[in-house]
Number of protein chains: 2
Amino acid sequence: MSKKPKPHPQQNHFLAALDPDVQERLFPHLELVPLPLRSLMYESGRTMRHVYFPTDSIISLQYIMENGASTAILVVGNEGLLGISLLMSGQGTPSRSVVQSAGHAYRLPRVKVKEEFNRHGKLLLLMLRYTQALITQVAQTAVCNRHHSIDQQLCRWLLLSIDRLSHNQLNMTQEFIGNMLGVRREGVTQAALKLQQQGVISYSRGLIKVLDRDKLETLSCECYGVVKKETEMLLPYLPKRQVITDVAAIPVVKLPTV
Amino acid sequence: MSKKPKPHPQQNHFLAALDPDVQERLFPHLELVPLPLRSLMYESGRTMRHVYFPTDSIISLQYIMENGASTAILVVGNEGLLGISLLMSGQGTPSRSVVQSAGHAYRLPRVKVKEEFNRHGKLLLLMLRYTQALITQVAQTAVCNRHHSIDQQLCRWLLLSIDRLSHNQLNMTQEFIGNMLGVRREGVTQAALKLQQQGVISYSRGLIKVLDRDKLETLSCECYGVVKKETEMLLPYLPKRQVITDVAAIPVVKLPTV
DNA sequence: CAACTTCTGTGCGATTTCGCACACAAGATT
DNA sequence: AATCTTGTGTGCGAAATCGCACAGAAGTTG
């Protein structure tokens, strides 16, 4: 296969929504980072030096219990960014961030973002709105964990994921999904089987294809809809006033693997 | 019983931590609001015109499902404030806020807070830190809902609540706790019985007394500790530089009951 | 004090999820 | 082709929780 073209920074909606002057200040410091499946972006206790803006990748944020059990509480794709806590307090969070769908992200040094943040312009404004959408997603996860079946939660999870991609395929095993939802792998198998029998998805060895998105929505709990609606209300990144960027000139960085 | 003295604004740690000049600008607009048990502070779809700073009350924030089931995702006491979403986006959230422990709160018109917020001073700084602590609490609730027993969650809930009061008594029925945790009333009864038999709490008809706080902590899941640690790290409201305020001059407001 | 409402205790079968064990299937390795 | 690793399907008893029904206890009201 030949070399694929680099993704453009503007593919990340958050970056795209920044004012041209902000973009002009920040974009010279951009680095492109390929994100292989399952690489570890952040772990509790470590220091994060960059803020990441996914273009065609998905990062999920999970909390890990002392006994190793985990739950994903948030999915970040090209609608947002990873690392708002760096702006809010400078402190890390007691969480872990893992690449859930391989792809790329642009990143900026936390210092540069912080500088721009302190100008109290569009970046601050967008960050606040994104934070509220984030809180909604986390809160709805809490509710969902309490009240809904594995079947419903699987639907929600699949929808949240494909919403953040330009295709309908997901690279994740049932074991992985189990970790994300905080349930047994067998439980995911049962739920996935039902979906496959209904022709909603098909899958094999870690590759899931969504065949009937509409049906998936009807089978999902209301949680997905609530989050989606709130997100769309809070993040209407409408007029993309783009700064022309020479993508080729942006350096590419390799992340260390776990 | 004779009239009790008004609580002081500085009893709210957030207000107390503001710089004197900020306090001087804001405090003239303060109103004192008595918060009767179970009064409704906010409901999804309504407009909030004030930001509330509890002094000796607790407000809990819950999400309601279409079928009426609910889960509390956040507890707000004198360490924080209700209404950050007004600052973050101006939009409401799909949640409901209820007074969980009667008492008082000071409130400020959203416009005044927003004005001060836009000065990008201490208020903004504190608000960001508080928001991060809030996210941690919500996220930990999500994890807890997934992985821990009713017994453990009851302990967590009791601890979060009494931490925000100056005494060790809680006014809530088991039915109410059930609504907050999103579990059946009978489940709460079972869990509460165990605690009472171990001498950790005593209760009768909606009045719970915490007798052995230490034991309660050991019986709780790790979620409580994580939230507490993060909160203390993020909100070290250290030097209280107080503006002398004439409490008597602050107007008192009555909230409409549900 | 009688009637009523509210809160708490208890029992039981249904349901969901868990934990574990194991079989099988599809790629990957040699 | 033979073997190994990884991912998926299945069966079972155990545990937690649910939904419901009802009884009794503690206040409240008339």
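In the text below, chain A, chain B and the rest are named by the order of the sequence lines, each starting its count at 1. Remember, predicted model here, so these are calculated numbers, not experimental data.
Where the helix from C/dC1-D/dG30 to C/dT30-D/dA1 starts and where it ends, the local axes point in directions that differ by 30°; five pairs per end, rounded to 10°.
Between the P atom of C/dC7 and the CE atom of B/M172 lies a distance of 14 Å, rounded to the nearest Å. Here C/dT6 presents its C1' atom at 11 Å from CZ of B/R38, a figure rounded to the nearest Å. Note: CD (A/Q196) to C1' (D/dT8) measures 10 Å, nearest angstrom. Atom pair A/Q197:CD and D/dT8:C1' shows a separation of 13 Å (rounding to whole Å applied). Between the CD atom of B/Q174 and the C1' atom of C/dT10 there is a distance of 13 Å, given to the nearest Å. When rounded to the nearest whole Å, the span between CD1 of A/I177 and P of D/dT8 equals 8 Å. Between the C1' atom of C/dT8 and the OH atom of B/Y203 lies a distance of 7 Å, rounded to the nearest Å. Counting to the nearest Å, the C1' atom of C/dA26 and the CG atom of A/L207 are 13 Å from each other.
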Scoring nucleotides 16-30 of chain D by protein non-hydrogen atoms under 4.0 Å (B base, S sugar-phosphate only, - none) yields -SBBBB---BBS---
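Residues satisfying the salt bridge (charged side-chain N to carboxylate O under 4.0 Å, His left out) test with A/D56, not counting sequence neighbours, are none. Taking the salt bridge (charged side-chain N to carboxylate O under 4.0 Å, His left out) definition, one finds that A/K209 meets it with nothing, sequence neighbours left out. Among residues two or more places apart in sequence or in another chain, the salt bridge (charged side-chain N to carboxylate O under 4.0 Å, His left out) test is passed with A/R213 by A/D163, A/E217. Partners of B/R146 by salt bridge (charged side-chain N to carboxylate O under 4.0 Å, His left out), not counting sequence neighbours: none found.
Of all nucleotides listed (C/dC7, D/dT10, C/dT10), C/dT10 comes nearest to the side chain of B/T189.
For B/R46, the CZ atom is densely surrounded, since the number of other residues' heavy atoms within 6.0 Å is greater than 12.
Using a 30° and 60° split on the angle between ring planes, B/F14 and B/F53 fall in the tilted class, from 30° to 60°.
Residues A/L235 and A/H13 form no side-chain contact, since every pair of their non-hydrogen atoms from C-beta on lies 4.5 Å or further apart.
A salt bridge links B/R107 with B/E31: the closest approach of a Lys/Arg side-chain nitrogen to an acidic carboxylate oxygen falls below 4.0 angstrom.
In this structure, A/K194 NZ and A/I201 CD1 are separated by 12.0 Å, a value rounded to the nearest 0.5 Å.
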